[in-house]
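Reviewing the structure listed below.
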Amino acid sequence: MRIAVVTDFEGGARLRELAADGTPTGPVRTVSDLAGVVADYRRHATGQPRWVWASTGEVYPPLVERSLRLGRCHDVGLVEALLLGYHGRLGEAHSLGAAWARLHGRPVPDDLRAPPGAGAEPPPALFEPDLSTLPPGVDRLDALVEVHADQQRRIAGLPEPGRFALLAAVESAGALAAVEMAHDGVPWRADVHDAILAEQLGPRPSNGARPPVLAELAARISAEFGREVNPDSPAQLLRAFAAIGHPVGSTRSWELRQVEHPVVPFVLRYKELSRLHSACGWAWLDTWVRHGRFRPDYVVGGVVSGRWATRGGGALQIPKTVRRAVRADPGWTLVSADAGQLEPRVLAAVSGDRALAAAAGSDDLYARLGTVFGGGGVSEEEARQRAKIGVLSAMYGQTSGDAAALLSTMRRAFPRAMEYVDTAARAGEEGRLVRSWLGRTCPPPSSRWRRLVSGGPGGEPDGDGGRAARERGRFTRNFVVQATAAEWALVFLAGVRRRLVARDTGRESARLVFFQHDELVLHVPEPLADDCVALLREAEEETRLLLFGDTEVRFPLDIAVVDCYADA
DNA sequence: GAAATTTGCCAC
DNA sequence: AAACGTGGCAAATTTC
């Protein structure tokens, strides 16, 4: 059963039960306490409904505030974006109002801008009512019911409706998880974080000045150069290196490392610590950690490949050194699960390459591939390393360095896998669309790209056109793998989440607290750790079967039960 | 003086 | 070794 719901933004709502195809099966119900009604369904209904709404970010947060967790939803906005994308219209407005307007041939309103990230402090009204995107006089619940039914029709009409329906379901489940994770937060010990900073940078400066260690390094660098240099300024560094007879093309660390001069170690150390200070220093701590929790603001579907993005806080780039501050509460533990070598395994599964699939049946795919790249007195580890570069080159389109030779080995040993990514690259170069396994679709080329590639007066692409074409080829080559890996992760996330919701008994329940591309972290009461490990294994199995059915490929999880995330 | 762009490094 | 995909973010720098 499905239930369409629109809220009145004061705790009440109007509801209507729907059949799977979106046809209303009952009257409109007006309720004053949506949370109470939802809780009733959780307790009494046989089979949990799928809640249909315009936007998860609009309806779900107040329910989570009231300690409610829902099993499933259909987020009309997210599904509209997926459907538009499928038809090469990624980036067009996808709100309920926009979908309704397209359905009725009316002018399509722009999407409202998401509220700017507000740090750890939730904004007073989490989401402004999105009423403005529907014309006056149009009933919001009627519009929702109508657009949802239309989406179900459009999905049913696709060549692979089952796959796309799964994509819509897990994208929506991801939206539920994102709201819950923003609510629960990653357990974060500000005192440990502060100690890490003090150890490396010296005591926190009072006025926001340079920390002592950075100030000393800056002074030392200026002394070595024999002039005043701000090491934060690439331009000044460039000039300073030229002035001492060591001109460099850029101030990137790898390039500076090649320079033999006593100033170099100081500059490198400065860069390292300066990054720590600016990206995850005291200012970050003040802004993003409250009451022992870091609450990232996830953007579901924020990346074209289907990976998530975040708004502020840099949750998806937490440096390894800082992860020491992520600690389970007393009596709790962290259970992390990481899908190792996910992308090559995905390539093996989608391409149907027998030899690659056989290698992907083992725990260390690259080691298994080593036999192909070894021989001639090459050590096992060396062969494994070559295999890794070969596979990554195939997926990323790398051609420089040793890649070319390794790629020809790849073509010989794994012809179908190579053909799969080569075909995607060709499609991209020719301006066509490519899709993930479940149907997420890459953006169409821009008009600028088309002009560039259709190129010069003779119609042949010139230098810029050729470069643009190859660039897009690398993008689509990678897209088919990265986007499918992202949906593997989403299906897995949804499976884990569903199991956690089924076990939810309130405060002492295991919680999902972090999701990063191919990795999940749960915060778990200690006695439940074993159960969570089993649950993760179950979800992995389910994910593989749902996506790829009968395949030799395995997706081994690296699971760690730890107090501190740095030990995972 | 605000907004946009560039640079460089972090994550997967 | 440094032209290999997706991103976020902060500080410097340039543009309006």
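Hydrogens, waters and symmetry mates are skipped; everything else that's a heavy atom, side chains included, is used. Note that this is a predicted model, so its numbers are computed, not measured. Within every chain, numbering begins at 1; the chains are lettered A, B, ... in the order of the sequence lines, protein sequences first and strands thereafter.
Using cut-offs of 30° and 60° on the angle between ring planes, the pair A/F514 and A/Y298 is tilted. Under the 30°/60° scheme for interplanar angles, the aromatic rings of A/F548 and A/W437 are found to be tilted. The aromatic rings of A/F164 and A/Y86 stand perpendicular to each other, their planes meeting at an angle above 60°, with 30° marking the opposite boundary.
Only A/W254, A/R275, A/S278, listed by number, bring a heavy atom of residues 252-279 of chain A to less than 4.0 angstrom from any atom of DNA chain C.
Closest to the side chain of A/Q398, out of C/dT13, C/dC4, C/dG5, is C/dC4. Counting only heavy atoms from C-beta on, A/N478 has its side chain closest to C/dG5 among C/dG5, B/dG8, C/dG8. Distances from the side chain of A/Y396 to the nucleotides B/dG8, C/dC4, B/dA11 place C/dC4 closest. Comparing C/dC4, C/dT6, B/dC12 by their nearest atom to the side chain of A/R323 picks out B/dC12. Listed candidates were C/dA12, C/dC9, C/dT6. Nearest to the side chain of A/T310 is C/dC9. Which of C/dT6, B/dC10, C/dA11 sits closest to the side chain of A/Q482 comes down to C/dT6.
A centroid separation of 6.0 Å or more is found between the aromatic rings of A/F492 and A/F555. Aromatic ring centres of A/H193 and A/W284 lie closer together than 6.0 Å.
If you check every strand for non-hydrogen atoms under 4.0 Å, A/S250 touches sugar and phosphate atoms only. Note on A/G302: nothing from the nucleic acid sits closer than 4.0 angstrom, heavy atoms only. A/V481 comes within 4.0 angstrom of nothing in the nucleic acid, heavy atoms only. Looking at heavy-atom distances under 4.0 Å, A/A235 makes contact with sugar-phosphate atoms alone, never a base. In this structure, A/Q516 reaches the sugar-phosphate backbone alone: every heavy-atom distance under 4.0 Å involves primed, P, OP1 or OP2 atoms, never a base. Heavy atoms of A/S233 sit under 4.0 angstrom from primed sugar atoms or phosphate atoms, though from no base atom. Residue-level contact check: A/I318 touches the backbone only, with heavy atoms under 4.0 Å from sugar-phosphate atoms and none from bases. Within the nucleic acid shown, A/R470 has no heavy atom closer than 4.0 Å to any nucleic acid atom.
One atom, CZ of A/F479, and another, P of C/dC4, lie 21 Å apart when rounded to the nearest Å. Counting to the nearest Å, the P atom of B/dA11 and the CZ atom of A/F514 are 11 Å from each other. Between the CG atom of A/L342 and the P atom of B/dC12 there is a distance of 13 Å, given to the nearest Å. Rounded to whole Å, the distance from CG on A/L238 to P on B/dT7 is 10 Å. In this structure, the OH atom of A/Y298 is 14 Å from the P atom of C/dG8, given to the nearest Å. The separation between A/M395 atom CE and B/dC12 atom P is 15 Å, rounded to whole Å. Distance CH2 (A/W284) to P (C/dG8): 17 Å, rounded to an integer number of Å. Spacing between atom OH of A/Y565 and atom P of B/dC12 amounts to 7 Å, rounded to whole angstrom units.
A close approach under 4.0 Å does not occur between any side-chain nitrogen or oxygen of A/R307 and OP1 or OP2 of C/dT6. For the pair A/T251 and B/dG8, the criterion of a side-chain N or O lying under 4.0 Å from OP1 or OP2 is met. The phosphate of C/dA2 (OP1 or OP2) has no side-chain N or O of A/S400 nearer than 4.0 angstrom. Remark: A/N230 is in phosphate contact with C/dA12, judged by side-chain N or O atoms under 4.0 Å from OP1 or OP2.
Remark: the backbone N or O of A/W254 is paired with a side-chain donor or acceptor of A/Q258 at under 3.5 angstrom.
Contact of the A/V391 side chain with the A/Y396 side chain is not registered, since no non-hydrogen atoms from C-beta on lie closer than 4.5 Å.
Of the charged side-chain nitrogens involved, at least one lies within less than 4.0 Å of a carboxylate oxygen, so that A/E180 and A/R497 count as a salt-bridged pair. Look at A/R384 and A/D364 and you find a salt bridge, because one of the NZ, NE, NH1 or NH2 atoms lies within 4.0 Å of a carboxylate O, short of that distance.
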